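Working notes, beginning with the structure itself.
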Number of protein chains: 2
Amino acid sequence: MKKGSARPYHHGNLRAEVLRQAEAALDTVGYQNLSLRELSRALGVSHAAPRRHFADKEALLDALACNGYERLHDKMAAVVKDQKQPFETALLKLGRAYVGFATSHVALMDLMLTRKHDEQASAELRQKAAAVYGLPIEWVARAQAAGLVVPGDPMRLALAAIAAVQGLIVISNKGKIAGIPVEVLVEEVLERIIFGLRPR
Amino acid sequence: MKKGSARPYHHGNLRAEVLRQAEAALDTVGYQNLSLRELSRALGVSHAAPRRHFADKEALLDALACNGYERLHDKMAAVVKDQKQPFETALLKLGRAYVGFATSHVALMDLMLTRKHDEQASAELRQKAAAVYGLPIEWVARAQAAGLVVPGDPMRLALAAIAAVQGLIVISNKGKIAGIPVEVLVEEVLERIIFGLRPR
DNA sequence: ACCTGAACACCGTTCAAGT
DNA sequence: ACCTGAACACCGTTCAAGT
């Protein structure tokens, strides 16, 4: 193989390539240990090249998290596309989708949660994260309109369900709690919470 | 040579000093950006000195997290010391204590949660974390014995409450969700979950 | 416009040597 | 036993220069 002849000077799609490579590395090294220099090396590019597309490491992490929230939202929105399914079904499906994403993208989810609270998080990231949490809130509001859920601020009512699902993921280790898969536990927990939301 | 001096070089008990300095730095820089060299500098000690007491940076973080779980457990155990208080009261107090600790030690809590899942986390850390989660489980078991909670595995029943409290903390930003203090929300959420645990 | 390569100021970790 | 100081192999970031 001839040195230097393997790649054109202008990579052409470096931004996308860096993101792809970074996410691939995420699950093996964790987001803490992502190295811009190592990513550049893996892509056969100088260590300063990514700078053209990401102002700094934070910007790359932000873009990764943003992309994650986008995919998570798409996945969740898809399972509640059918507006005619029962409220309980929709909420369970949303929980399952969230948990499914979290367990299959552990490091990415970790990054997403961490960056969402960062002072310097982009407005885009905040907006994409809010869209995810908006889905269950919307369904609670819908259920209220149908008289299936006690009256009150839909956001505050949905919070028990959202927090529980989020908490299960945080507490869990490699998708399990005390040996039981989170996929199983999320059903139990959500059913109990749905019961607690019923008009008395 | 018999020494009257309590400190061999610079510090008598470097281990304790490093831990203290590290926790002080935690809330200003976040656990991600803790630097052993900077801690050493602040303590007026060589950058290699802490190594005598902490095998590596992970060991220091592990010790910090361990210490955190110990204090959290003490705080939670104290509020349920009175074995005669009602089940609901005890669970609410446990939730408040957990949230109170988390909101007043944001960076430390972040570290504790992260390290608990780490492959290389010490057995001591795991045990101390488990003790914390054992407290609400114990109270669910107690309530079951009194016929106040539906039958079933106490751990799985307590999980909705534990997960919800944990989730509120993770979702929250600087102790608030949508502008509402987590201290307020945790009461609402726990009351709803307690309702869901009642025998039907 | 996009990328390189040297330079700078930091890290964590190791280790022979000092006290 | 406890700590130092130099050394090593990494970082992220900056910037003049190349294509």
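In what follows, every chain begins at residue 1, and chains take the letters A, B, ... in the order their sequences are listed. Computed from heavy atoms alone, side chains included, the values below leave out hydrogens, waters and symmetry copies. Note that the structure is a prediction, hence the values are computed from the model and not measured.
- Of the possible donor and acceptor atoms, one in the side chain of B:Arg51 sits under 3.5 Å from a partner among the backbone N and O of B:Ala55.
- Between A:Asp118 and A:Arg115 a salt bridge is recorded (basic side-chain N to carboxylate O distance below 4.0 Å).
- When rounded to the nearest whole Å, the span between CZ of B:Arg15 and P of D:dC3 equals 13 Å.
- When both pairing distances are held under 3.5 Å, D:dA7 makes a Watson-Crick or G-U pair with C:dT13.
- Atom C1' of nucleotide D:dT4 and atom CG of B:Leu43 are separated by 15 Å, given to the nearest angstrom.
- For the pair A:Asp56 CG and D:dC15 P, the computed distance is 14 Å after rounding to whole Å.
- Atom CG of B:Leu60 is separated from atom P of C:dG12 by 10 Å (rounded to the nearest Å).
- Atoms NE2 (B:His47) and P (D:dG5) sit 9 Å apart, rounded to a whole Å.
- Contacts between residues 23-41 of chain B and DNA chain D, defined by a heavy-atom separation below 4.0 Å, involve B:Arg37, listed by number.
- If B:Ala49 and A:Glu58 are placed on DNA chain D by their nearest nucleotide, the residue sitting closer to the 5' end is B:Ala49.
- Using cut-offs of 30° and 60° for the angle between ring planes, the A:Tyr133 and A:Tyr98 rings count as tilted.
- Both A:Leu34 and A:Leu43 belong to a common hydrophobic cluster when Ile, Leu, Val, Met, Phe, Trp and Tyr are linked at side-chain heavy-atom distances under 4.5 angstrom.
- Under the 4.5 Å side-chain heavy-atom criterion for ILVMFWY residues, no single connected hydrophobic cluster contains both A:Val184 and A:Val106.
- In this structure, B:Arg52 places its CZ atom 14 Å from C1' of C:dT13, rounding to the nearest Å.
- Using a 4.0 Å cut-off, no side-chain N or O of B:Arg51 falls inside it from OP1 or OP2 of C:dG12.
- A:Asn13 has its CG atom 18 Å from the P atom of C:dA1, to the nearest Å.
- A single hydrophobic cluster is not seen to contain both A:Leu157 and A:Phe195; linkage of ILVMFWY side chains at heavy-atom distances under 4.5 Å, directly or through other members, places them apart.
- Side-chain contact annotation: B:Tyr31 with A:Gln32, donor-acceptor N/O pair under 3.5 Å present.
- With a cut-off of 3.5 Å on both Watson-Crick or G-U wobble distances, the partner of C:dA1 is given as D:dT19.
- Closest to the side chain of A:Ala48, out of C:dT14, D:dC15, D:dC3, is D:dC15.
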